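This report concerns only the one structure given below.
From a predicted model like this one, the values you see are computed outputs, not experimental measurements. What's counted below: heavy atoms across the whole structure, side chains too, no hydrogens, waters or symmetry copies.
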Amino acid sequence: MDFIDLKAQQALIKTKLDERIQEVMASGRYIMGPQIKELEDALSEYTGAKHCLSCSSGTDALLLAMMALGVKAGDEVITTPFTFIATGEMIALLGAKPVYVDIDPATYNIDPGKIAEAITDKTKAIIPVSLYGQCADMNEINKIAADHDLPVIEDAAQSFGATYQGKKSCTLTTIGCTSFFPAKPLGCYGDGGACFTDDAELATQMRYLRAHGQDRRYHHPLIGLNARMDTMQAAILMEKLAIFPNEVEARAKIGARYSQEFGDSVKTPVIKDGNTHVYAQYTVEVDNRTQVQEALKEKGIPTAVHYPVPLHLQPAFGFLGQGEGTFPVAEAASQRVMSLPMHPYLKEEDQDTIVAAVKAAC
């Protein structure tokens, strides 16, 4: 059994994928070929964002967004400690300080009620993460940000395709950033990402920044980086995007069926009113996680933990001096969460096997 089955998806679109790939190969335009703009236009149309900027990864998308907003050494950026390291890592890479805020125990997203007290005169931005495929409470977060004249960057690496109050993830804040890592709801066959914004000036800044800070060939008004998406990945994403709405619908049905079958036997995902969930991961909470994972492994069922160590307890962030007990909700979740096989092609009989195995192990 696969944790994420990319082979089933590839078989469905292989002929068109091969045509797309051969088109790029024949053109020889492997960097910034015409498929890049084609993809950016299609992603803008899908999300409703005025501007889309493709880039080399979701990690670089966060970096580009913060650079465009002027985050620099000595600044502070508020985010969650319960996420993949890229979120805090890019803050620190710019010389800024990650300021962590504990999470909502129901959704695992940042707790808006704890953000205001973390704001100081050094705060430069807020980065909520839309974890597991559900958007954070963006209305409340945006209101707090507006009260303090701060921009908000949505880390939507796991939530592309989800909606919040009828709007697509990536269009809810000053800048939305997503990842097209192969395991994501919309993934390419390598690394890739994108930034979304309605602000034309920010979009222009990010375009310059992703190509060494140049506004035209060999003219560099900014210090930038090499964060361009490969043309090949853009071509692949175009074919995947064509079937993505159907996959989002399938994910929602599979996620709902999981929760129905589990009932009260484990803590299942909580979807807030007004939200849809794209289930980048289907994550439950269990007691004795290690034993449960071993029991499932013996039956050929793969699992994963997203995430076993909150960022404030990672050695790389030891300089913050935040030990155990600093963010108790995130720390408790990290000891109990477990992600189960989840993809749009998961068969009901496999799902039934997984549910029965988890119930037996718990």
Could you walk me through whether Y132 and T107 satisfy the side chain to side chain donor-acceptor pair (under 3.5 Å) test, starting with their C-alpha distance in whole Å, then the side-chain angles of each, then the deciding distance to 0.1 Å, before giving a yes or no?
CA-CA 9 Å; Y132 298 151; T107 65; over 6 Å; no
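- If you check the side chains of H306 and S339, you find a donor sitting under 3.5 Å from an acceptor.
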Which is it for E40 and S54 under the side chain to side chain donor-acceptor pair (under 3.5 Å) test, yes or no, and what are the steps along the way?
CA-CA 6 Å; E40 291 174 346; S54 64; 2.9 Å; yes
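- Minimum interatomic distance between C188 and K240 (heavy atoms only, all atoms of both residues): O-NZ, 4.2 Å.
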Could you give me the CA-CA distance, side-chain angles and deciding distance for R228 and D60, then say whether salt bridge (charged side-chain N to carboxylate O under 4.0 Å, His left out) is met?
CA-CA 9 Å; R228 299 165 300 200; D60 282 339; over 6 Å; no
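- Counting heavy atoms from C-beta outward, D230 and Y30 have side chains that stay 4.5 Å or more apart.
- Remark: R336 engages D287 in a salt bridge, criterion side-chain N to carboxylate O under 4.0 Å.
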For ring pair (Phe, Tyr, Trp, His ring centres under 6.0 Å), just list the numbers for Y46 and F196, CA-CA rounded to whole Å, side-chain angles, deciding distance to a tenth of an Å, and then say yes or no.
CA-CA 11 Å; Y46 177 80; F196 299 83; 9.2 Å; no
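- Annotation: the span from E285 atom CD to M338 atom CE amounts to 11.0 Å, rounded to 0.5 Å.
- Considering only heavy atoms from C-beta on, K184 stays 4.5 Å or farther from T178 through its side chain.
- The shortest heavy-atom contact between P269 and H277 is CB-NE2, 4.5 Å.
- In this structure, a donor-acceptor pair under 3.5 Å is present between the side chains of E76 and T120.
- Using a 4.5 Å heavy-atom cutoff, the side chains of K122 and D75 are not in contact.
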Check the pair K167, E154 against salt bridge (charged side-chain N to carboxylate O under 4.0 Å, His left out), reporting the backbone distance first and the verdict last.
CA-CA 13 Å; K167 293 185 66 178; E154 182 191 11; over 6 Å; no
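- Hydrophobic clustering, with ILVMFWY side chains joined whenever heavy atoms are under 4.5 angstrom apart, keeps I4 apart from I254.
- In this structure, Y108 has its ring center at least 6.0 angstrom away from the ring center of Y307.
- Using a 4.0 Å cut-off between a side-chain N of Lys or Arg and a carboxylate O of Asp or Glu, R257 and D352 qualify as a salt bridge.
- Rounded to the nearest 0.5 Å, atoms CG (N109) and CD1 (I141) are 7.5 Å apart.
- With a 4.5 Å cut-off on side-chain heavy atoms, F317 and H312 do not count as touching.
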If you apply the rule salt bridge (charged side-chain N to carboxylate O under 4.0 Å, His left out), what do you find for E239 with R20, and how did you get there?
CA-CA 8 Å; E239 281 311 314; R20 285 276 189 178; 3.2 Å; yes
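- Two residues are said to be in side-chain contact when any heavy atoms from C-beta on lie closer than 4.5 Å; T47 and C52 fail this criterion.
- E45 is not listed as a side-chain neighbour of D41, based on a closest heavy-atom distance of 4.5 Å or more.
- Contact check for L186 versus L241: side-chain heavy atoms found under the 4.5 Å cut-off.
- Between Y279 and Y258, the distance separating the two ring centers is not shorter than 6.0 angstrom.
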Go through it in stages, so that I can follow the logic: the residues are Q134 and K272, the test is side chain to side chain donor-acceptor pair (under 3.5 Å), and I'd like the CA-CA distance, side-chain angles, deciding distance and then a yes or no.
CA-CA 9 Å; Q134 177 175 204; K272 288 294 186 75; over 6 Å; no
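- Linking ILVMFWY side-chain heavy atoms closer than 4.5 Å, directly or via other members, places V152 and M66 in two distinct hydrophobic clusters.
- Under the 4.5 Å side-chain criterion, counting only non-hydrogen atoms from C-beta, Y100 is in contact with Q322.
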Take E249 and K253 through the test salt bridge (charged side-chain N to carboxylate O under 4.0 Å, His left out) and record every step on the way to the result.
CA-CA 6 Å; E249 185 177 343; K253 289 180 179 178; 3.5 Å; yes
